[in-house]
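A quick write-up on the structure given underneath.
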Amino acid sequence: MEFAWAENLRQRFGETNWVLPSLVAAVLLTVAAGIVIMAVLFYRWKLKRPLELLKRASENISANDLGFRLTYDSRDEMGELVAAFENMRSQLEKNIKTLWRSVEERKQLNAIFAHDLRTPLSVLKGNAELLAAYLPEKKLSEEKVLDLVHTMSLHIVRLESYADAMNSIQKLEDVPVRRQSMDAISLTAVLNDSAEQIARQFGKRFDSSLEYDNTAINVDPHIVIQIFENVVANGMRYAASQVNARYDIREGVMNITVSDDGPGFSDEALRKAVLPFYRGEVWDATEHRGLGLYICKVFCEKHGGSLLIENAPRGGGSVTTSFGTQVDK
């Protein structure tokens with residue numbers, strides 16, 4: 001009896017030593033499985049979508065694509081992280097757009113400078129050739145020589161102002177308006193001289209008329225000349241044989257209407273001619289950059305005036321530029 005009881009006890013202790021490790025292992029495996037399941041569920045519920053959003057956003061930014069938005073409706077830490085990433089994307093997009101606009105404005109301004117340097121250089125070249133050809137033979141009067149020198153000096157000052165502007169001005173709207181009191185007849189004489197130089201380049205004729213009630217006006221001559229030359233060059237480009245200019249200076253406003261005997265503006269051109277880089281149907285797209293009338297519109301408005309594009313009643317295109325000629329007090 002005693003031996004049987006001891007044997008039974010040993011068997012019980014032996015079984016207990018085997019069951020306990022098994023139970024511990026089962027508990028540990030259950031806990032580990034629970035942790036894994038909870039981690040998987042936590043990833044799916046809390047981490048998977050925001051991480052995918054951030055990954056996709058990073059790929060878009062790497063591809064220089066900022067035209068997207070990050071939205072994640074959660075107020076936890078991942079929601080704050082996504083919101084911070086969206087703020088970074090938005091600010092980066094604003095900075096790139098600002099930089100792009102600055103580069104585009106500078107490119108446009110450089111194109112405008114290049115466009116408007118041609119005329120003063122052509123005037124200087126033409127006058128220099130005229131002086132070289134006729135002055136030695138004394139075929140030019142002293143008055144004519146002085147007029148040519150005055151015109152050349154004016155265009156030299158224009159070139160100097162262009163050089164200064166190219167270093168300091170970042171966009172067209174920054175060009176300053178520097179008014180000065182001057183005689184209307186003298187200004188229109190300079191305008192006519194420039195128009196005649198342009199007409200000779202195109203092999204066409206130019207004529208003008210003047211009506212005024214006061215010879216003293218306050219304008220920026222460089223801006224007025226620049227606008228006038230652009231309008232005349234545009235008219236010469238489309239004219240059949242002649243371009244006319246009518247100066248009307250009265251009641252504090254200077255109106256210059258330039259008309260041609262060409263086919264006139266198309267319906268599309270009447271709507272779009274003042275847009276930058278609009279060319280329409282032009283015969284030489286390499287020389288004509290579509291900036292002339294756009295420049296005129298901006299400068300007329302800066303000078304307290306406006307620009308009107310229309311077709312003349314008897315045919316041909318007509319462009320009227322106006323300038324305020326009085327100084328605001």
Side-chain angles (χ1 to χ4, degrees), residues 112 115-116 118-120 122-123 151 154-155 158 172 175 177-202 204-239 242-262 264-265 269-270 273-274 291-327:
I112 289 170
H115 176 275
D116 288 329
R118 294 190 184 99
T119 301
S122 297
V123 171
T151 301
L154 182 61
H155 286 288
R158 288 181 63 192
L172 185 62
V175 175
V177 176
R178 296 187 176 94
R179 296 175 182 265
Q180 55 182 281
S181 180
M182 61 187 310
D183 183 80
I185 298 177
S186 299
L187 177 60
T188 55
V190 173
L191 296 178
N192 287 338
D193 183 69
S194 293
E196 289 169 0
Q197 294 277 357
I198 297 172
R200 279 194 289 271
Q201 294 175 17
F202 284 88
K204 298 173 185 178
R205 299 188 304 274
F206 171 79
D207 193 16
S208 66
S209 62
L210 171 63
E211 296 181 11
Y212 62 94
D213 60 5
N214 188 355
T215 58
I217 55 176
N218 286 290
V219 295
D220 186 327
H222 304 301
I223 287 182
V224 174
I225 293 171
Q226 184 174 358
I227 292 174
F228 177 77
E229 290 173 347
N230 277 315
V231 175
V232 169
N234 190 74
M236 292 292 177
R237 188 174 292 111
Y238 294 98
Q242 183 166 332
V243 170
N244 299 311
R246 186 178 73 252
Y247 309 105
D248 188 354
I249 307 171
R250 63 187 69 199
E251 298 179 356
V253 177
M254 179 179 185
N255 291 317
I256 305 176
T257 300
V258 176
S259 56
D260 61 73
D261 59 355
F265 292 100
L270 288 173
V274 296
L291 288 165
L293 294 179
Y294 169 67
I295 298 170
C296 295
K297 178 179 181 295
V298 174
F299 282 176
C300 282
E301 293 173 351
K302 285 179 65 66
H303 209 293
S306 61
L307 182 140
L308 174 64
I309 298 176
E310 57 187 349
N311 287 320
R314 296 182 180 179
S318 177
V319 179
T320 299
T321 57
S322 67
F323 312 88
T325 63
Q326 294 179 339
V327 179

Problem - Verdict with supporting geometry, Leu307 and Ile309, side chain to side chain contact (heavy atoms under 4.5 Å, CB included) - result: CA-CA 7 Å; Leu307 182 140; Ile309 298 176; 3.4 Å; yes

Could you tell me which non-hydrogen atom of [X] sits nearest to which non-hydrogen atom of [Y], and how far apart they are?
{"X": "Ile225", "Y": "Val190", "answer": "CD1-CG1, 3.9 Å"}
{"X": "Ser318", "Y": "Ala312", "answer": "CB-N, 4.2 Å"}
{"X": "Phe265", "Y": "Glu310", "answer": "CD1-O, 3.5 Å"}

Quick one: pull up [atom1] in [X] and [atom2] in [Y] and give me the separation to the nearest 0.5 Å.
{"X": "Ile249", "Y": "Thr188", "atom1": "CD1", "atom2": "OG1", "result": "6.0 Å"}
{"X": "Glu301", "Y": "Ser322", "atom1": "CD", "atom2": "OG", "result": "9.5 Å"}
{"X": "Thr320", "Y": "Ile256", "atom1": "OG1", "atom2": "CD1", "result": "10.0 Å"}
{"X": "Arg237", "Y": "Phe202", "atom1": "CZ", "atom2": "CZ", "result": "5.0 Å"}
{"X": "His303", "Y": "Asn218", "atom1": "NE2", "atom2": "CG", "result": "9.0 Å"}
{"X": "Cys296", "Y": "Phe228", "atom1": "SG", "atom2": "CZ", "result": "11.0 Å"}

Can you tell if the side chain of [X] reaches within under 4.5 Å of the side chain of [Y], non-hydrogen atoms only?
{"X": "Ile217", "Y": "Met182", "result": "yes"}
{"X": "Phe323", "Y": "Val253", "result": "no"}
{"X": "Pro221", "Y": "Gln180", "result": "yes"}
{"X": "Val243", "Y": "Lys204", "result": "no"}

Practice task
Among Asp207, Thr257, Asp260, Val258, find the residue that satisfies the side-chain contact (heavy atoms from CB on, under 4.5 Å) test when tested with Asn244.
Solution key: Asp207

Handout entry: Side chains of Asn192 and Tyr247, donor plus acceptor under 3.5 Å
Key = yes

Handout entry: Pair Asp183-Leu187, side chain to side chain contact (heavy atoms under 4.5 Å, CB included): steps then yes or no
Key = CA-CA 6 Å; Asp183 183 80; Leu187 177 60; over 6 Å; no

Exercise for the section: State whether the side chain of Asn234 and the backbone N or O of Asn230 hold a donor-acceptor pair below 3.5 Å, judged by distance alone. Expected result: no

Exercise for the section: Determine, stepwise, if the pair Met236 / Phe206 fulfils side chain to side chain contact (heavy atoms under 4.5 Å, CB included). Expected result: CA-CA 9 Å; Met236 292 292 177; Phe206 171 79; 4.0 Å; yes

Practice task
Mind running side chain to side chain contact (heavy atoms under 4.5 Å, CB included) on Val319 and Leu308 for me, showing each step along the way?
Solution key: CA-CA 6 Å; Val319 179; Leu308 174 64; over 6 Å; no

Problem - Partner residues of Asn255 under the side chain to side chain donor-acceptor pair (under 3.5 Å) criterion, sequence neighbours left out - result: none

Practice task
Decide, yes or no, whether a salt bridge links Asp248 with Arg250 under the criterion of side-chain N to carboxylate O below 4.0 Å.
Solution key: yes

